[in-house]
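Reading through the structure tokens given below for one structure.
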Amino acid sequence: MAKVDTSSSRPYHIIIFGASGFTGQFVVEEVARIVSEGPNGTLKWAVAGRSRQKLDKVLEQAAGALGKPELRTAVEVIVADVGEPDSLAAMCKQAVIVLNCVGPFLESMQLNYNSQAADKGVYIVGACGFDSIPADMGVLYTREQFKGTLTAVESFLTASTGPEGGSINDGTWKSAIYGFADSGELRSLRKKFGHKPLPVVGSKIKRRSALFYSNEVQQYAVPFMGADPSVVKRSQRFLLEEHQETPVQYGAYAGVGGVANIVKMLFAGMMFWFLVKFDFGRNLLIKFPEFFSFGFFSKDGPTRKQMEGSSFQFAFYGEGYTDGQDPSQGRPNAKIRTLVQGPEAGYVATPIAMVQAAITILNEPTALPKKGGVYTPGAAFARTTLVERLNKHGIQFSVI
């Protein structure tokens, strides 16, 4: 997500780029739902992507799903292609914000574009979907609610599906395949930043094993494999360097259920690790996502019925020191538990999170960091009302 001056004369507040992709179609519906939340109660928006035909079809679909026939004619369609930089530049010039649904970018963006973005006053905020707004904003929310100095948080993610079951579109599966294939590159990229380790305040958080029974969620759990831990760490670094806030140590875990699920997961994991190292293996994984993931990923993704029955929950367990206690002396003497819960993670919660992040930027530009740059959600939105906005839209933050 990128942003320029909100008072500019650009024709659109928001352009959804990649609107005809699997996630993009649901972002279109979410934007159509919240047009009254734009600046001065209106939102001017457009859709963009490679194929005009596909974009027209997405608007047609959204018009039907939401009972808003005007979407077919009222929303502008812009043709723009990743392979043609000029078309991207022309698209970006027309919008205050571009919601990018075309694939993941995190650390390399920061390394390559941070200073250019700062010079131009552009805000590039990555990981604005389910990865990683619930985790990143959840840690900040937990810190805010804690009376004293919060020094460590562990999160436990669980997801549930209804009688219809659930699945994830294979776009996410492909991202994981390419991510693992490039993991060596990511490690060397992280070294290029030359960051010193974040200072540890309070007791050092204990690393849990690769598979353990979690009393917190009453099921077996594994370390969370997504972007959350690195995103949270980048936010904590920013808040330490820019606002001198005590960094919070963070451990992320995901519940995997009972023994039968573990057997499936180990088997799928071993095949994945073996195949992802080779070209032919990656091609097999991409070609047969359902087979290699035991139906967890599919080319069609979840049905609307499956989405309606699904939900997620992040349980945060924090510890720290009450006001007046010195975190450098002795063990933490206070605990806190918070929850972030919401609808189906990939295609209901992700569009809500993305769109509310955009609405926050449009309505609260003065609450963003002082200068442009490449930011995590926690760094960009720490001083905004994003959490309150998410609460109103079904992603709920609460203290237990």
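- Residues passing the side-chain hydrogen bond (donor to acceptor under 3.5 Å, both in side chains) test with Thr376, sequence neighbours excluded: Ser235.
- Around CZ of Phe296, the count of heavy atoms belonging to other residues, nucleotides or ligands within 6.0 Å does not exceed 12.
- Atom NZ of Lys264 is surrounded by 12 or fewer heavy atoms from other residues, nucleotides or ligands within 6.0 Å.
- For the salt bridge (charged side-chain N to carboxylate O under 4.0 Å, His left out) test, no residue two or more places apart in sequence or in another chain qualifies with Glu388.
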Q: Kindly indicate, with the supporting measurements, whether the criterion side-chain contact (heavy atoms from CB on, under 4.5 Å) is fulfilled by Val125 and Phe381.
A: CA-CA 10 Å; Val125 190; Phe381 300 118; 4.0 Å; yes
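- Contacts classified as side chain to side chain donor-acceptor pair (under 3.5 Å) and involving residues 192-202 (residues at least two apart or in different chains) are not found.
- Shown here are the salt bridge (charged side-chain N to carboxylate O under 4.0 Å, His left out) partners of Asp323, two or more places apart in sequence or in another chain: there are none.
- Listed by first then second residue, pairs satisfying ring pair (Phe, Tyr, Trp, His ring centres under 6.0 Å) with a partner in residues 70-94 number zero, not counting sequence neighbours.
- For the residue pair Gln356 and Glu37, a side-chain donor N or O sits within less than 3.5 Å of a side-chain acceptor on the partner.
- With a 4.5 Å cut-off on side-chain heavy atoms, Tyr178 and Ile286 count as touching.
- Scanning both residues, Ser203 and Tyr321, for their nearest heavy atoms gives N-OH, 3.3 Å.
- In terms of heavy atoms, Ala127 sits closest to Pro377 at O-CG, 3.2 Å.
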Q: Go through the steps to decide whether Gln236 and Leu140 satisfy the test side-chain contact (heavy atoms from CB on, under 4.5 Å), and finish with yes or no.
A: CA-CA 9 Å; Gln236 294 301 317; Leu140 297 192; 3.8 Å; yes
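- Taking 4.5 Å as the limit, every side-chain heavy atom of Tyr250 sits out of range of all side-chain heavy atoms of Val231.
- Between Ile78 and Phe17, the closest side-chain pair of non-hydrogen atoms is not below 4.5 Å.
- With side-chain heavy atoms closer than 4.5 Å counting as contact, directly or through intermediates, the hydrophobic cluster containing Leu198 also holds Leu240.
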Q) Taking it one step at a time, do Tyr141 and Phe316 satisfy side-chain contact (heavy atoms from CB on, under 4.5 Å)? A) CA-CA 10 Å; Tyr141 173 81; Phe316 293 88; over 6 Å; no
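- Listed by chain and number, the residues in a side-chain hydrogen bond (donor to acceptor under 3.5 Å, both in side chains) with Thr322 are Asn333 (sequence neighbours excluded).
- Heavy-atom minimum distance, Val28 versus Ala62: CG1-CB, 4.1 Å.
- In terms of heavy atoms, Thr158 sits closest to Gln219 at CG2-NE2, 3.6 Å.
- No side-chain donor from either of Ser310 and Thr161 sits under 3.5 Å from a side-chain acceptor of the other.
- In this structure the side chain of Ile395 reaches within 4.5 angstrom of the side chain of Pro343, judged on heavy atoms.
- Atom-to-atom distance recorded for Ser160:OG and Gln313:CD is 8.0 Å, nearest 0.5 angstrom.
- For the salt bridge (charged side-chain N to carboxylate O under 4.0 Å, His left out) test, no residue two or more places apart in sequence or in another chain qualifies with Arg50.
- Val79 and Met91 fall into different hydrophobic clusters, where Ile, Leu, Val, Met, Phe, Trp and Tyr are joined by side-chain heavy atoms under 4.5 Å apart, directly or via other members.
- Of all heavy-atom pairs between Gly129 and Pro134, the closest is O-CD, 3.6 Å.
- With hydrogens and angles left out, the side-chain atoms of Ser311 and Gln341 include no donor and acceptor closer than 3.5 Å.
- Aromatic ring orientation, Phe314 versus Phe312: perpendicular (interplanar angle above 60°, classes split at 30° and 60°).
- A search for side-chain hydrogen bond (donor to acceptor under 3.5 Å, both in side chains) contacts involving Glu29 returns Arg304, not counting sequence neighbours.
- If you chain together hydrophobic residues whose side chains sit under 4.5 Å apart, Leu339 and Met137 never meet in one group.
- Across all their heavy atoms, Arg10 and Cys92 have their closest contact at NH1-O, 2.7 Å.
- A ring pair (Phe, Tyr, Trp, His ring centres under 6.0 Å) check over residues 347-368, counting only residues at least two apart or in different chains, returns the pairs Phe22-Tyr347.
- Few gaps surround CD on Glu70; more than 12 heavy atoms of other groups in view lie less than 6.0 Å from it.
- When hydrophobic side chains of Ile, Leu, Val, Met, Phe, Trp and Tyr are connected at separations under 4.5 Å, Tyr317 ends up clustered with Phe156, Phe212, Val217, Tyr253.
- Within the 4.5 Å cutoff, side-chain heavy atoms of Pro39 are placed close to those of Asn363.
- Side-chain atoms of Tyr220 do not come within 3.5 Å of backbone N or O of Asn261 as any donor-acceptor pair.
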Q) Taking it one step at a time, do Val96 and Leu362 satisfy side-chain contact (heavy atoms from CB on, under 4.5 Å)? A) CA-CA 8 Å; Val96 177; Leu362 285 171; 3.8 Å; yes
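- Glu76 is not listed as a side-chain neighbour of Gln94, based on a closest heavy-atom distance of 4.5 Å or more.
- Not counting sequence neighbours, the partners of Arg208 by the salt bridge (charged side-chain N to carboxylate O under 4.0 Å, His left out) test are Glu154, Glu216.
- In this structure, Trp173 and Phe272 have side chains that are in contact, with non-hydrogen atoms separated by less than 4.5 Å.
- Looking at Asn114, its side chain does come within 3.5 Å of a backbone N or O of Val374 through a donor-acceptor pair.
- Looking only at atom types and distance, the side chain of Asp300 has no donor-acceptor partner in the side chain of Ser298 under 3.5 Å away.
- Counted within 6.0 Å of OH on Tyr213, heavy atoms from surrounding residues, nucleotides or ligands total more than 12; the atom is thus considered enclosed.
- Residue Gln110 holds its CD atom at 10.5 Å from CZ of Phe238, rounded to the nearest 0.5 Å.
- With rounding to the nearest 0.5 angstrom, the CZ atom of Phe130 is 15.0 Å from the CE atom of Met354.
- Side-chain contact between Ser51 and Gln53 is present, with at least one heavy-atom pair separated by less than 4.5 Å.
- Follow the hydrophobic side-chain contacts under 4.5 Å out from Val276 and you never reach Leu266; the two are in separate clusters.
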